[in-house]
Amino acid sequence: MKQGADDFAAEATPVIDIRKHGLEGETASANDPAQNWDNDKTEVYMETDEDEAAASLTDSDGETYPITAFPFVLGRGAECDMVLNGKGLSRKHIEIVFQSGRFVVNDLDSLNGMKVNGYKVSRVILEEGDVVKLGEVSLTFSVDPSSEPIAKPTASPVVGSADPFGPTASVPKKMAKYSVIFVGVAIVAFGGYKAANMTMSSPGTVSLATDGNQSQPPVAAPSKVVVPKASPVVQQETVTPTPQSPPPSIALVKAPTPKPKAVISKPKQPAKPRQSKNVAVVKKMLANANARYLDGDADALFADFKKYESDSRLPQALRYKLKSKHESLAKLFGDYSKGQKAYVSGNKDSAFQYWTRFLEQEVKAFKSKRSLYADQVVTRVVDEYVSRGNQLSQSGESHKAYKMWQKAVKLGDSVAAKIALDSVRNKSKQLYRKALRLEYVNSAKAKALWQEVVSLVPPGTEYYTKASSKLAWYERWGG
């Protein structure tokens with residue numbers, strides 16, 4: 001069915017649904033083509049693999065569903081041949097059948113009906129490219145010309161079949177011709193017999209037969225003499241009839257010569273795109289990428305990444321993994337390289353910023369493992385943080401010094417930084433406890449000690465929290 005103008009009319013070809021109506025065609029009038037037009041056809045049933053499907057439906061996402069059996073029922077019910085999801089669908093919405101060499105779609109009395117190419121119909125013959133819409137679901141119908149469904153015969157063909165298009169359509173015409181000839185010969189013979197009988201019954205003549213089967217000339221019958229009638233022997237002209245076929249009423253039903261089974265060749269599968277032979281190599285490279293990077297082989301690893309990323313025959317998912325791994329490792333190595341350049345140029349502050357970020361990101365990526373590149377810079381970074389912490393502590397910036405020592409411990413587990421942190425924590429502990437002993441004797445002295453604790457350790461530490469709480473209480477309640 002093709003989409004036309006506004007005056008489009010649905011195809012008027014009658015369609016008989018054998019599954020729904022059963023054998024109604026056998027009891028219907030033989031003169032009603034709408035009821036009897038396809039009684040001698042065969043019901044088509046297809047049972048085939050997906051690759052051999054004669055027709056298919058394609059959804060809006062491009063997914064193709066082969067039609068593998070008839071009738072092919074669609075709807076949201078689990079018992080359907082194709083289960084659909086969406087609004088406006090009935091449990092059994094439509095069915096597709098194959099009759100008289102055509103694909104036909106029937107609406108199964110669904111609530112919302114169906115549309116074919118934008119027109120609402122209840123039954124129509126499908127053609128290549130027709131769009132069938134059920135609720136909010138759209139399906140495109142297509143036919144595979146290289147594959148046809150195999151019909152299973154329901155009965156043996158009979159001479160004189162009502163099918164005007166079958167292989168025996170010329171037999172009734174020949175039978176009618178022979179019947180006319182036979183009836184003509186019969187009429188001629190019957191007419192001769194009647195003429196002879198009338199001659200015997202006419203008055204004044206008698207025809208007698210002798211033993212030699214020679215007919216005597218007629219003798220005038222005397223008046224009032226009754227001569228017993230003999231069985232009339234009528235000599236008829238021998239007619240050698242032309243050999244005729246028997247009339248249709250007594251014609252023997254001959255089974256048609258079986259036709260050789262059609263050999264349906266399996267359609268050639270489209271050649272699949274040739275897969276790259278590098279798939280196994282790339283998978284192995286991805287599995288070993290982290291180990292190669294940690295061993296200091298980043299330059300060669302990145303060169304391999306670039307080489308295989310340009311192989312268009314690799315599966316898309318594999319190329320995506322390859323690209324993601326390349327980007328993550330290259331970002332790490334980039335911070336390391338930038339720090340190296342800054343350090344060589346004498347810009348130590350920038351070098352330590354790049355290296356610090358490099359070491360922190362590498363810990364997130366590999367946890368307890370450290371690359372060869374990290375081993376090369378971690379000592380410099382840790383020593384720098386310890387040195388800066390000592391300088392800040394001497395200048396009275398205790399909080400900043402505390403944070404520098406913390407970074408040195410986090411990045412390189414520095415022993416010097418640990419000693420400095422322990423010293424500050426112990427000092428804050430002693431000052432806090434001394435203030436507690438003086439609290440009820442000399443509260444002013446106690447508050448001064450707690451203030452020293454707060455200035456020594458940064459917020460978030462144990463004794464900073466305790467000392468600040470005491471100071472807040474005295475500030476609120478006085479004393």
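You'll find the side chain of Phe141 stays beyond 4.5 Å of the side chain of Val116, heavy atoms only. The shortest side-chain heavy-atom distance between Met285 and Phe305 falls under the 4.5 Å cut-off. Residues Ile67 and Phe103 are not in side-chain contact: their nearest non-hydrogen atoms beyond the backbone lie 4.5 Å or more apart. Residues Gln391 and Glu397 fail the side-chain proximity criterion, which asks for heavy atoms closer than 4.5 Å. Side-chain contact between Asp295 and Leu372 is absent, with no heavy-atom pair separated by less than 4.5 Å.
Pairs passing the side chain to side chain donor-acceptor pair (under 3.5 Å) check and including a residue from residues 455-464, sequence neighbours excluded, read Glu462-Lys466. Sorted by first and then second residue, the salt bridge (Lys or Arg N to Asp or Glu O under 4.0 Å) pairs involving residues 317-340 (not counting sequence neighbours) are Asp335-Arg357. Applying the salt bridge (Lys or Arg N to Asp or Glu O under 4.0 Å) test to residues at least two apart or on different chains, none of the pairs has a partner in residues 57-86.
Remark: Glu360 pairs with no residue by the salt bridge (charged side-chain N to carboxylate O under 4.0 Å, His left out) rule, at least two apart or across chains. Remark: Asp375 pairs with Arg370 by the salt bridge (charged side-chain N to carboxylate O under 4.0 Å, His left out) rule, at least two apart or across chains. For Tyr65, there are no ring pair (Phe, Tyr, Trp, His ring centres under 6.0 Å) partners, not counting sequence neighbours. The ring pair (Phe, Tyr, Trp, His ring centres under 6.0 Å) check on Phe366 picks up Tyr293, with sequence neighbours excluded. Residues that satisfy the salt bridge (charged side-chain N to carboxylate O under 4.0 Å, His left out) test with Arg292, not counting sequence neighbours, are Asp297, Asp304. Taking Tyr308 as the reference, nothing meets the ring pair (Phe, Tyr, Trp, His ring centres under 6.0 Å) condition, with sequence neighbours excluded. Every ring pair (Phe, Tyr, Trp, His ring centres under 6.0 Å) that Tyr336 has, sequence neighbours left out, goes to Phe333, Phe358, Tyr373. Contacts of Asp413 classified as salt bridge (charged side-chain N to carboxylate O under 4.0 Å, His left out), with partners at least two apart in sequence or in another chain: Lys418.
Residues Ala351 and Ala342 share a closest heavy-atom pair of N-CB, 3.7 Å. Nearest heavy atoms, His399 versus Val454: NE2-O, 3.0 Å. Considering every non-hydrogen atom in both Val97 and Pro71, the closest pair reads CG1-CB, 3.7 Å. Residues Gly88 and Asn112 come closest through the heavy atom pair O-ND2, 3.2 Å. Closest of all the heavy-atom pairs between Asp107 and Gly113 is OD2-CA, 3.6 Å. Heavy atoms only, all atoms of each residue included: Ser350 and Asn347 are closest at OG-ND2, 2.8 Å.
The backbone N or O of Lys87 sits less than 3.5 Å from a side-chain atom of Glu136, completing a donor-acceptor pair. Panel note: side chain Ser393, backbone Gly389; no donor-acceptor pair is recorded below 3.5 Å. With hydrogens and angles ignored, the 3.5 Å screen pairs no side-chain donor or acceptor of His93 with any backbone N or O of Leu108. Under a 3.5 Å cut-off, the side chain of Glu128 and the backbone N or O of Val143 do form a donor-acceptor pair.
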- prompt: Going through the checks in order, is the side chain to side chain contact (heavy atoms under 4.5 Å, CB included) test met by Ser428 and Val453?
  reply: CA-CA 5 Å; Ser428 63; Val453 171; 4.0 Å; yes

query: What do the steps show when you test Tyr402 against Arg425 for side chain to side chain contact (heavy atoms under 4.5 Å, CB included), and what is the final call?
result: CA-CA 10 Å; Tyr402 194 95; Arg425 289 168 184 161; 2.8 Å; yes

task: Give the C-alpha distance, both sets of side-chain angles, the deciding distance and a yes or no for side chain to side chain contact (heavy atoms under 4.5 Å, CB included) between Met82 and Leu139.
output: CA-CA 11 Å; Met82 182 174 176; Leu139 301 170; 3.9 Å; yes

task: In sequence, state the C-alpha distance, the side-chain angles, and the governing distance for Val105 and Val124, and then conclude on side chain to side chain contact (heavy atoms under 4.5 Å, CB included).
output: CA-CA 6 Å; Val105 60; Val124 73; 3.6 Å; yes

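A donor-acceptor contact under 3.5 angstrom links the side chains of Ser56 and Ser142, judged on distance only.
Distance check, rounded to the nearest 0.5 Å: NZ of Lys283 to CG of Asn288 gives 14.5 Å. To the nearest 0.5 Å, the span separating CG on Leu411 from CD on Gln406 amounts to 11.5 Å. From Ile94, atom CD1 reaches atom CG of Leu84 across 8.0 Å, with rounding to the nearest 0.5 Å. Interatomic distance, CG of Asn278 versus CZ of Arg313, reported as 7.0 Å (0.5 Å rounding). Here the CD1-CG distance, from Ile96 to Leu57, works out to 4.5 Å after rounding to the nearest 0.5 Å. Separation of atoms OG (Ser122) and CE (Met114) is listed at 6.5 Å; rounding is to 0.5 Å.
Glu362 has no carboxylate O lying under 4.0 Å from a charged side-chain N of Lys369, or vice versa, which leaves the two without a salt bridge.
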List the atom pairs, with distances to 0.1 Å, where a side-chain N or O of residues 381-388 and a protein N or O form a donor-acceptor pair under 3.5 Å, not counting sequence neighbours.
from	atom 1	to	atom 2	distance (Å)
Glu384	OE2	Arg388	NE	2.7
Glu384	OE2	Arg388	NH2	3.4
Tyr385	OH	Thr356	OG1	2.7
Arg388	NH2	Asp349	OD1	2.6

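Environment of CZ in Phe352: crowded, with over 12 heavy atoms of neighbouring residues, nucleotides or ligands closer than 6.0 Å.
Using the six-membered ring where Trp is involved, Trp355 and Tyr343 have ring planes that are tilted, between 30° and 60° apart.
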